[in-house]
*Asks:* 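Below you will find the structure I want to go over with you.
Along the sequence shown, the residues carry numbers beginning at 1.
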Amino acid sequence: MARKSLIQREKKRQRLEQKYHSIRRSSKKEIKRVSSVSDKWEIHGKLQSPPRNSAPTRLHRRCFSTGRPRATYRDFGLSGHILREMVHACLLPGATRSSW
């Protein structure tokens with residue numbers, strides 16, 4: 001199980017990303033629209049003004065049950081070993097068992 005503080009930090013990043021998403025999108029559209037370099041630099045400065053944790057690249061997908069940030073399957077939202085346990089317990093229909 002991941003520490004609660006790390007999970008809360010990730011949730012805070014998600015809230016920040018949703019809050020500043022429209023600002024980032026509009027700034028990027030303006031950069032494409034403007035032709036002069038000086039105007040692009042001004043808009044680029046606005047793009048850097050939101051907090052760093054609001055960038056979408058800082059988000060991690062975490063396991064739904066354990067909070068593990070690595071080896072998470074996007075289709076299920078679970079980490080590999082939890083997914084394997086659920087398949088062996090026949091909790092995921094259509095998934096085939098394998099042993100390694």
*Asks:* Between E17 and A55, what is the shortest heavy-atom contact and its length?
*Replies:*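 So the minimum-distance heavy-atom pair works out to CG-C, 4.3 Å.
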
*Asks:* If we ignore hydrogens and angles and just use 3.5 Å, is the side chain of R68 paired with the main-chain N or O of R70 as donor and acceptor?
*Replies:*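 Confirmed, R68 side chain pairs with R70 backbone.
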
*Asks:* Restricting to non-hydrogen atoms, name the atom on I7 and the atom on G67 that form the minimum distance, rounded to 0.1 Å.
*Replies:*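 Heavy atoms only, the tightest pair is CD1-CA, 4.2 Å.
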
*Asks:* What is the distance from atom CD of Q14 to atom CG of N53, rounded to the nearest 0.5 Å?
*Replies:*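 Between Q14 CD and N53 CG, I get 12.0 Å after rounding to 0.5 Å.
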
*Asks:* Under a 4.5 Å side-chain heavy-atom rule over Ile, Leu, Val, Met, Phe, Trp and Tyr, are V34 and W41 clustered together?
*Replies:*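 No.
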
*Asks:* When rounded to the nearest 0.5 angstrom, what is the spacing between OG in S36 and CD1 in I43?
*Replies:*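 Rounded to the nearest 0.5 Å, the OG-CD1 separation comes to 8.0 Å.
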
*Asks:* Roughly how far, to the nearest 0.5 Å, is the CG atom of L6 from the NE2 atom of H60?
*Replies:*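 Rounded to the nearest 0.5 Å, the NE2-CG separation comes to 10.5 Å.
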
*Asks:* Rounded at 0.5 Å granularity, tell me how far CG in L92 sits from CD in E85.
*Replies:*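 The CG atom of L92 sits 11.5 Å away from the CD atom of E85.
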
*Asks:* Testing the basics here: between S79 and T66, what is the closest heavy-atom pair and its distance to 0.1 Å?
*Replies:*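 Closest approach of S79 to T66: OG-OG1, 4.0 Å.
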
*Asks:* May I ask whether L59 and L78 are part of the same hydrophobic cluster, defined by side-chain heavy atoms of I, L, V, M, F, W, Y residues being less than 4.5 angstrom apart, directly or through others?
*Replies:*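 No, because L59 and L78 fall into different hydrophobic clusters, even though each may have its own neighbours under 4.5 Å.
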
*Asks:* Please report the C-alpha distance between K12 and R9 in whole Å, then the side-chain angles of each, then the deciding distance to 0.1 Å, and finally whether the side chain to side chain contact (heavy atoms under 4.5 Å, CB included) criterion is met.
*Replies:* CA-CA 5 Å; K12 181 181 177 183; R9 188 182 306 162; 5.6 Å; no

*Asks:* Applying side chain to side chain donor-acceptor pair (under 3.5 Å) between H44 and each of E42, K40, K46, Q48, report the one that passes.
*Replies:*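 That would be Q48; it is the only one of E42, K40, K46, Q48 passing the side chain to side chain donor-acceptor pair (under 3.5 Å) with H44.
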
*Asks:* Judged by modelled atom types alone, do R13 and S54 share a side-chain donor-acceptor pair under 3.5 Å?
*Replies:*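 Distance-only check fails for R13 and S54.
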
*Asks:* Under 4.5 Å between side-chain heavy atoms, counting indirect links through other Ile/Leu/Val/Met/Phe/Trp/Tyr residues: same cluster for L47 and Y20 or not?
*Replies:*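 No; Y20 is not reachable from L47 via cluster members.
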
*Asks:* Could you tell me which non-hydrogen atom of C63 sits nearest to which non-hydrogen atom of T72, and how far apart they are?
*Replies:*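 Answer, listing the atom of C63 first, then T72: N-OG1, 3.8 Å.
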
